[in-house]
Amino acid sequence: SVLTPTAPEARGSQVSIRMKDANKAESLSVFLRNHGIVCDVRHDVIRAAPAPLYNSFVDVWHFYDALRQFTS
């Protein structure tokens with residue numbers, strides 16, 4: 001589930017995704033790292049922080065595509 005608030009004024013620059021358990025979060029973290037994506041994992045939450053100065057639309061799409069691959 002996505003923990004990041006949907007209201008723009010209530011969220012920061014990161015996307016936080018809660019996994020069903022810590023093992024699944026760690027597996028996703030390893031999967032993303034193997035696809036060249038660096039994220040933070042804290043127990044059962046994966047945090048990604050795309051920054052416009054460093055990340056392009058293609059980078060964000062790559063992250064989305066990797067998440068889709070992991071969940072399918």
Side-chain angles (χ1 to χ4, degrees):
S1 63
V2 177
L3 300 176
T4 306
T6 55
E9 65 276 0
R11 65 177 176 248
S13 63
Q14 71 182 21
V15 176
S16 298
I17 303 167
R18 175 168 282 140
M19 304 300 289
K20 290 186 179 188
D21 62 55
N23 291 332
K24 192 81 163 173
E26 185 59 35
S27 295
L28 175 56
S29 175
V30 169
F31 182 83
L32 292 173
R33 226 180 348 242
N34 289 337
H35 284 80
I37 301 165
V38 178
C39 292
D40 181 43
V41 61
R42 306 276 173 108
H43 187 60
D44 62 345
V45 176
I46 293 283
R47 300 186 312 172
L53 291 174
Y54 305 105
N55 302 109
S56 67
F57 174 82
V58 173
D59 293 329
V60 175
W61 182 262
H62 183 67
F63 175 71
Y64 162 78
D65 192 48
L67 284 176
R68 187 184 54 75
Q69 289 177 39
F70 183 79
T71 59
S72 53

Which residue is it: V60, L67, D65, D59? I am looking for the one with a side chain to side chain contact (heavy atoms under 4.5 Å, CB included) to F63. L67
Does L3 sit in a hydrophobic cluster with other residues, and if so which ones, taking ILVMFWY side chains as linked at heavy-atom separations under 4.5 Å, directly or through other members? V45
Smallest separation among heavy atoms of C39 and I46, with atom names: CB-CG2, 4.0 Å
Can you name the closest pair of heavy atoms from V41 and S29 and give their distance? CG1-OG, 3.9 Å
Which value, rounded to the nearest 0.5 Å, describes the distance between D44 atom CG and E26 atom CD? 12.0 Å
Just verifying a value: how many Å separate R42 CZ and R18 CZ, rounded to the nearest 0.5 Å? 13.5 Å
Could you check whether any side-chain N or O of T4 sits under 3.5 Å from a backbone N or O of S16, counting only pairs where one atom can act as donor and the other as acceptor? yes
When you measure from the side chain of H62 to the backbone N and O of H35, does any donor-acceptor pair fall under 3.5 Å? yes
Around atom CZ of R11, are there more than 12 heavy atoms from other residues, nucleotides or ligands closer than 6.0 Å? yes
Sequence-distant partners of F70, ring pair (Phe, Tyr, Trp, His ring centres under 6.0 Å), two or more places apart: F31
For Y64, what residues pass the ring pair (Phe, Tyr, Trp, His ring centres under 6.0 Å) criterion, not counting sequence neighbours? W61
